[in-house]
Amino acid sequence: MPIIEINDITAPEIDIFARLTETQLRNKLEPEKGIFIAESPKVIHLALNAGCTPIALLMEHKHITGDGEPIIARCRDIPVYTAERAILQQLTGYQLTRGVLCAMRRPTPLSAIEICHNASRLAVLDGIVDSTNIGAIFRSAAALGMDGVLLTHSCCDPLCRRAVRVSMGTVFQIPWAYFPDKNTQITPFLKENGFKTVAMALREDAVSMDDPALKAERKLAIILGTEGDGLKQNVIDNADFTVCIPMAHNVDSLNVAAASAVAFWELRLQ
């Protein structure tokens, strides 16, 4: 295992940690060759447990014989780049969480049909672009009884660095997939795969989240929309249920990540 001191932050071999954009890392033309960055020892261990292939490590000096040591032991024959915290922050442009990064190959994508086949409760994300919200929703979905997550192609990549970190690695613990293509109609696809659909939206005819009819459904897909505009009208119109969370003190709505946690807990399979 080569331990390599960083003496030149412009060295091309550390571009993956410093100068490649999320889009360049993802490498959309050849997704099987794409890369993502896992940040913090816990998240890296979860990614390794899920079978992700490590390419290179970047860590502070102190972690080589500290939190990073077990990771180095698991990731044989890949380079370990190291420097002091200030140099690493200058290199990456942000303060490292727990001082360890790992560049990894993107896992083989699952199919939406495969996700549907093995699930009773689905989180469905339509056009959610904020990486923090994506990470928080994945964490809630994994913790609160969802069997999988489906995303439209306009959503933020769940394997972008911030989404992975905010999710605390749950993106590697709960199965997820994109819909088959950008033109897939959400509700018809879900219904064809046996799901009753729940559109989370503020409408006068919306039923309360604690409606017994919702919990009685064997296969339920909970659809959450964009941070600003919410769900598209055609998604709401074609859903089996339009559902809202009862509010107090004249609050009209919650952030989509907070709303997802309430919905997942309330509508989990009993």
Side-chain angles (χ1 to χ4, degrees), residues 1-6 9 11 13-27 31-110 131-143 148-149 156-177:
M1 174 74 70
I3 306 294
I4 304 169
E5 183 75 23
I6 297 172
I9 65 171
E13 59 266 27
I14 52 177
D15 279 352
I16 53 176
F17 296 111
R19 285 171 290 277
L20 295 185
T21 66
E22 293 285 359
T23 300
Q24 289 170 325
L25 287 171
R26 186 173 179 177
N27 194 358
E32 70 279 3
K33 296 181 181 179
I35 296 168
F36 70 92
I37 304 297
E39 183 179 357
S40 86
K42 178 178 179 179
V43 171
I44 293 168
H45 280 298
L46 288 172
L48 292 171
N49 292 346
C52 297
T53 303
I55 300 170
L57 287 160
L58 177 71
M59 64 180 68
E60 289 181 60
H61 286 148
K62 67 179 182 179
H63 292 305
I64 291 175
T65 56
D67 289 345
E69 188 172 20
I71 297 172
I72 293 172
R74 294 184 69 178
C75 300
R76 299 185 182 280
D77 302 322
I78 67 170
V80 180
Y81 298 101
T82 185
E84 294 296 338
R85 176 179 287 259
I87 294 176
L88 294 184
Q89 186 167 347
Q90 182 184 0
L91 170 69
T92 62
Y94 54 85
Q95 185 171 329
L96 273 64
T97 300
R98 303 290 298 278
V100 184
L101 296 179
C102 186
M104 301 180 125
R105 294 289 181 198
R106 294 179 69 93
T108 302
L110 299 174
S131 57
T132 298
N133 283 335
I134 288 287
I137 292 170
F138 264 80
R139 189 174 182 182
S140 293
V149 180
C156 169
D157 177 17
L159 291 182
C160 78
R161 183 188 64 84
R162 185 166 179 81
V164 171
R165 181 171 66 80
V166 173
S167 82
M168 292 299 291
T170 53
V171 292
F172 309 114
Q173 294 177 297
I174 185 169
W176 59 273

Checklist entry - Taking it one step at a time, do Leu48 and Cys75 satisfy side chain to side chain contact (heavy atoms under 4.5 Å, CB included)? => result CA-CA 9 Å; Leu48 292 171; Cys75 300; 3.8 Å; yes
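- Atom-to-atom distance recorded for Ile174:CD1 and Ser167:OG is 10.5 Å, nearest 0.5 angstrom.
- Within the model, atoms CG of Leu57 and CZ of Phe17 stand 6.5 Å from one another, a figure rounded to the nearest 0.5 Å.
- Atom CZ of Arg165 sits about 13.5 Å away from atom NZ of Lys42, to the nearest 0.5 Å.
- Residues Glu60 and Thr82 share a closest heavy-atom pair of C-OG1, 3.6 Å.
- Listed here is the closest heavy atom pair of Ala47 and Met104: CB-SD, 3.5 Å.
- Of all the heavy atoms in Pro70 and Gly66, the pair that sits closest is CD-O, 3.6 Å.
- Here the closest heavy-atom approach between residue Ile4 and residue Pro79 is recorded as CD1-CB, 3.8 Å.
- No side-chain heavy atom of Ile37 sits less than 4.5 Å from a side-chain heavy atom of Val164.
- Residues Phe172 and Leu159 form a side-chain contact, since some pair of their non-hydrogen atoms from C-beta on lies under 4.5 Å apart.
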Checklist entry - Which is it for Ile6 and Leu58 under the side chain to side chain contact (heavy atoms under 4.5 Å, CB included) test, yes or no, and what are the steps along the way? => result CA-CA 10 Å; Ile6 297 172; Leu58 177 71; 3.4 Å; yes
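- For the pair Glu5/His61, a side-chain contact is recorded, criterion being any heavy-atom separation below 4.5 Å from C-beta on.
- How far CZ of Arg162 is from CD1 of Ile134: 13.0 Å, rounded to the nearest 0.5 Å.
- Smallest separation of non-hydrogen atoms from Arg106 and Trp176: NH2-CH2, 4.5 Å.
- Side-chain contact between Tyr81 and Leu101 is absent, with no heavy-atom pair separated by less than 4.5 Å.
- Within the 4.5 Å cutoff, no side-chain heavy atoms of Pro41 are placed close to those of His63.
- When side chains are defined from C-beta on, Ile71 does not count as touching Cys102, because their heavy atoms never get closer than 4.5 Å.
- Residue Phe138 forms a side chain to side chain contact (heavy atoms under 4.5 Å, CB included) with just one option from Asn133, Val166, Val171, and that option is Val171.
- Counting only heavy atoms from C-beta outward, the side chains of Arg105 and Ile35 approach each other to under 4.5 Å.
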Item to check | Asn49 and Arg74: CA distance, side-chain angles, deciding distance, side chain to side chain contact (heavy atoms under 4.5 Å, CB included) verdict | outcome: CA-CA 10 Å; Asn49 292 346; Arg74 294 184 69 178; 2.9 Å; yes
Item to check | side chain to side chain contact (heavy atoms under 4.5 Å, CB included) evaluation trace for Met59 with Ile44 | outcome: CA-CA 12 Å; Met59 64 180 68; Ile44 293 168; over 6 Å; no
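- Atom CD1 of Ile137 and atom OG1 of Thr170 lie 11.0 Å apart (nearest 0.5 Å).
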